[in-house]
Enquirer: 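Provided herewith is a single structure, encoded as structure tokens, for subsequent inquiry.
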Amino acid sequence: MSDSVASPAIVEKVIAQKVIEWHRHHGRHDLPWQRTPTPYRVWVSEIMLQQTQVTTVIPYFQRFMERFPDLVTLADAPVDDVLHLWSGLGYYARARNLHSAAVVIRDEHGGRFPEAIDAVEALPGIGRSTAGAILSLALGQSHPILDGNVKRVLARYHRVDGWPGRTAVARRLWELAEAHLPERDARAWTQGMMDLGATVCTRSRPDCEHCPLADGCGGHASGEPERWPGKKPKKARPLRKTRMLMPVAEGRVLLQRRPPAGIWGGLWAFPEVEDSPAAWSRTRFGLEPEATETWASLRHGFSHFELEIQPIRLDLPSRPETVADTNSEWFPLDHPPEVGLAAPVSKLLDQLRRRH
DNA sequence: AAATCGGGGGG
DNA sequence: CCCCCAGATTT
């Protein structure tokens with residue numbers, strides 16, 4: 001953070017003027033929701049645009065408007081119809097919120113989209129930024145917005161350090177969004193900032209040569225505009241530990257099919273055990289193990305956690321019947337079984353084969 | 001494979 | 001306050 005919000009208002013106005021002027025010449029003006037920008041149409045487009053880019057949204061938006069031309073039609077429709085037209089867009093909770101907000105507007109606002117920012121923000125699925133976008137784009141009211149594009153422009157221009165997901169950083173960006181907000185031309189300002197972030201001040205390789213704000217932009221001056229906004233700190237993944245038993249008998253190894261959902265769903269893996277290998281063997285087979293051998297542990301990374309696997313080889317004197325358990329099977333050790341195997345399981349099978 | 005997007009919900 | 005999530009696209 002190098003600038004101060006307290007800089008003279010006149011400076012902020014200059015920036016707004018530049019963006020508004022840029023928007024006249026380089027912004028988008030003919031998107032379907034821009035031609036008749038009612039609050040209802042702008043609302044639907046904004047929700048769709050939160051998750052999908054413009055070219056994909058257009059056909060969805062048009063089908064949506066044909067089926068639900070106005071707010072009350074949407075409110076009266078079964079939510080399943082709404083979800084049907086949403087299918088392919090993902091984030092179905094947003095479609096549900098859209099529908100339930102339409103019901104609220106029908107029942108509590110007489111079917112007219114509310115025009116007070118507080119009332120708009122109170123609707124399900126609409127937060128401060130979306131409320132500001134709807135009222136400025138549809139009605140020309142001056143409200144700040146702070147979507148991903150605007151965050152990027154402001155964070156770079158003012159070199160606002162830190163990840164915008166942090167409350168303090170978001171608060172600072174909102175302050176800046178308020179400070180830059182012009183009293184007039186709210187539509188051009190809002191649309192211009194979004195377009196600037198989407199087409200010029202892009203996440204990677206921003207086109208500063210064609211940016212109306214390059215002069216005065218702290219990020220551009222630094223030569224490394226991509227340093228802002230700060231990235232989400234990637235949290236160290238928690239370490240989970242498990243013990244895998246590798247039961248071996250008569251040249252075969254026992255694998256179990258994992259449940260269909262969850263980690264390694266439907267793949268084959270070694271049994272994971274809590275109690276001692278010998279106790280497991282006695283409970284499961286009524287057999288005393290011939291030998292157990294604890295191997296060096298190995299790690300496997302998942303998106304949400306890291307798994308430390310403690311492999312334990314368990315030799316049995318003979319191969320027990322695996323009665324009434326179609327989810328476990330003794331596979332010959334001399335070649336890899338032709339079933340889906342979790343990566344660390346294949347690795348362990350290779351080692352087992354080599355050391356057999 | 002990882003980062004991203006705005007709002008909602010829970011700790 | 002912070003963390004996590006939904007899901008598909010982009011890098």
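Computed from heavy atoms alone, side chains included, the values below leave out hydrogens, waters and symmetry copies. Reminder, nothing fancy here: chain letters follow the sequence lines and each chain counts from 1.
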Enquirer: Between P on dG8(B) and CG on L98(A), what's the gap in Å once rounded to a whole number?
Expert: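 About 12 Å, once rounded to whole Å.
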Enquirer: Salt-bridged, D350(A) to R353(A), with N to O below 4.0 Å?
Expert: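 Between R353(A) and D350(A) there is a salt bridge, with a charged N closer than 4.0 Å to a carboxylate O.
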Enquirer: Is the CZ atom of R28(A) crowded by more than 12 outside heavy atoms at less than 6.0 Å?
Expert: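 No, because the 6.0 Å sphere around CZ of R28(A) holds 12 heavy atoms or fewer from other groups.
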Enquirer: Which residue is it: V57(A), T52(A), I58(A), T56(A)? I am looking for the one with a side chain to side chain contact (heavy atoms under 4.5 Å, CB included) to V54(A).
Expert: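 Passing option: I58(A).
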Enquirer: Please pick, from dG7(B), dT4(B), dC2(C), the nucleotide with the shortest atom-to-atom distance to any side-chain atom of S129(A).
Expert: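 When the side chain of S129(A) is considered, dG7(B) is the closest of dG7(B), dT4(B), dC2(C).
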Enquirer: Quick check on DNA chain C: between G165(A) and L89(A), whose nearest nucleotide comes earlier from the 5' end?
Expert: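 Nearer the 5' end of the strand: G165(A).
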Enquirer: Please tell me which of R203(A) and G88(A) maps to the more 5' nucleotide of DNA chain C, matching each residue to the nucleotide holding its nearest heavy atom.
Expert: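 Its nearest nucleotide lies further toward 5', so the answer is G88(A).
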Enquirer: Just the rounded figure in Å: distance from C1' of dA6(C) to OH of Y92(A).
Expert: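 Going from OH in Y92(A) over to C1' in dA6(C) covers 11 Å.
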Enquirer: Could you state the atom-to-atom distance from OH of Y60(A) to P of dA8(C) in whole Å?
Expert: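 For the pair Y60(A) OH and dA8(C) P, the rounded distance is 10 Å.
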Enquirer: May I have the distance from K232(A) (atom NZ) to dT4(B) (atom C1'), rounded to whole angstrom?
Expert: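 So the two atoms are 10 Å apart, to the nearest Å.
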Enquirer: Starting the side chain at C-beta, find the nucleotide from dT10(C), dG7(B), dG7(C) nearest to Q53(A).
Expert: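 Among the listed nucleotides, the one closest to the side chain of Q53(A) is dT10(C).
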Enquirer: May I ask you to check whether W228(A) and Y157(A) place their ring centers less than 6.0 Å from one another?
Expert: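 No, the ring centres sit 6.0 Å or more apart.
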Enquirer: Watson-Crick or G-U wobble partner for dG6(B), using a 3.5 Å limit on both distances?
Expert: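 In the structure as shown, dG6(B) has no Watson-Crick or wobble partner.
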Enquirer: Should the pair F64(A) and W86(A) be assigned to parallel (<30°), tilted (30 to 60°) or perpendicular (>60°) ring geometry?
Expert: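 Plane angle over 60°, so perpendicular.
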Enquirer: Compare side-chain N and O positions of S204(A) against OP1 and OP2 of dT10(C) and report whether any pair is under 4.0 Å apart.
Expert: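 No, because none of the side-chain N or O atoms of S204(A) sits under 4.0 Å from OP1 or OP2 of dT10(C).
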Enquirer: Using atom P in both nucleotides, what's the gap between dG8(B) and dT9(C) to the nearest angstrom?
Expert: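 Roughly 24 Å separates the two P atoms.
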Enquirer: What's the CH2-C1' distance between W228(A) and dT4(B), to the nearest Å?
Expert: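 These atoms are roughly 20 Å apart.
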Enquirer: Can you check the E226(A) CD to dT11(C) P distance for me, whole Å?
Expert: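 That distance rounds to 12 Å.
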Enquirer: How close or far is atom C1' of dG7(C) from atom CG of L83(A), stated in whole angstroms?
Expert: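 Distance, rounded to whole Å: 15 Å.
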Enquirer: Roughly, in whole Å, what's the span from CH2 in W163(A) to P in dA3(B)?
Expert: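 Distance check: W163(A) CH2 to dA3(B) P gives 12 Å.
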Enquirer: Looking across every strand, which nucleic acid part, if any, lies under 4.0 Å from Q51(A) by heavy atom: base, sugar-phosphate, or nothing?
Expert: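 Since no nucleic acid heavy atom lies under 4.0 Å of Q51(A), the category is nothing.
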Enquirer: Is the phosphate of dT4(B), meaning OP1 or OP2, less than 4.0 Å from a side-chain N or O of K231(A)?
Expert: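 Indeed not, no polar side-chain atom of K231(A) lies that close.
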Enquirer: Does OP1 or OP2 of dC5(B) have a side-chain N or O of R152(A) closer than 4.0 Å?
Expert: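 Checking R152(A) against dC5(B): at least one side-chain N or O falls below 4.0 Å of OP1 or OP2.
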Enquirer: Measuring from the side chain of R94(A) (C-beta onward, heavy atoms only), which nucleotide among dT11(C), dA8(C), dG6(B) has the closest atom?
Expert: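 Among dT11(C), dA8(C), dG6(B), the one nearest the side chain of R94(A) is dG6(B).
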Enquirer: Indicate, with yes or no, if the rings of H23(A) and H29(A) have centres closer together than 6.0 Å.
Expert: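 Yes: the rings meet the under 6.0 Å criterion.
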Enquirer: Categorize I126(A) for me: base, sugar-phosphate, or nothing, with a 4.0 angstrom heavy-atom threshold over every strand shown.
Expert: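 The residue I126(A) makes sugar-phosphate contact but no base contact.
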Enquirer: Among the candidates dT4(B), dC1(C), dG6(B), find the nucleotide nearest to the side-chain atoms of R171(A).
Expert: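 Shortest atom-to-atom distance from the side chain points to dC1(C).
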Enquirer: L123(A) near the nucleic acid: base, sugar-phosphate alone, or nothing, with a heavy-atom cut-off under 4.0 Å?
Expert: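 If one applies the 4.0 Å heavy-atom cut-off, L123(A) turns out to touch the sugar-phosphate alone, with no base involved.
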Enquirer: Check every atom of dT4(B), dC2(C), dG6(B) against the side chain of R166(A) and return the nucleotide holding the closest atom.
Expert: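 For the R166(A) side chain, the nearest candidate turns out to be dC2(C).
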Enquirer: With a 3.5 Å cut-off and just heavy-atom distances, do the side chain of R128(A) and the base of dG6(B) make a donor-acceptor pair?
Expert: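 When only heavy-atom distances are counted, R128(A) does not reach the base of dG6(B) through any donor-acceptor pair under 3.5 Å.
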Enquirer: So if I take every side-chain heavy atom of N97(A) and compare against dG8(B), dA3(B), dG6(B), which nucleotide ends up nearest?
Expert: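 Nearest to the side-chain atoms of N97(A), counting from C-beta on, is dG8(B).
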Enquirer: Looking at dC1(C), I'd like to know if its phosphate oxygens (OP1 or OP2) sit under 4.0 Å from a side-chain N or O belonging to T167(A).
Expert: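 Indeed, a polar side-chain atom of T167(A) lies that close.
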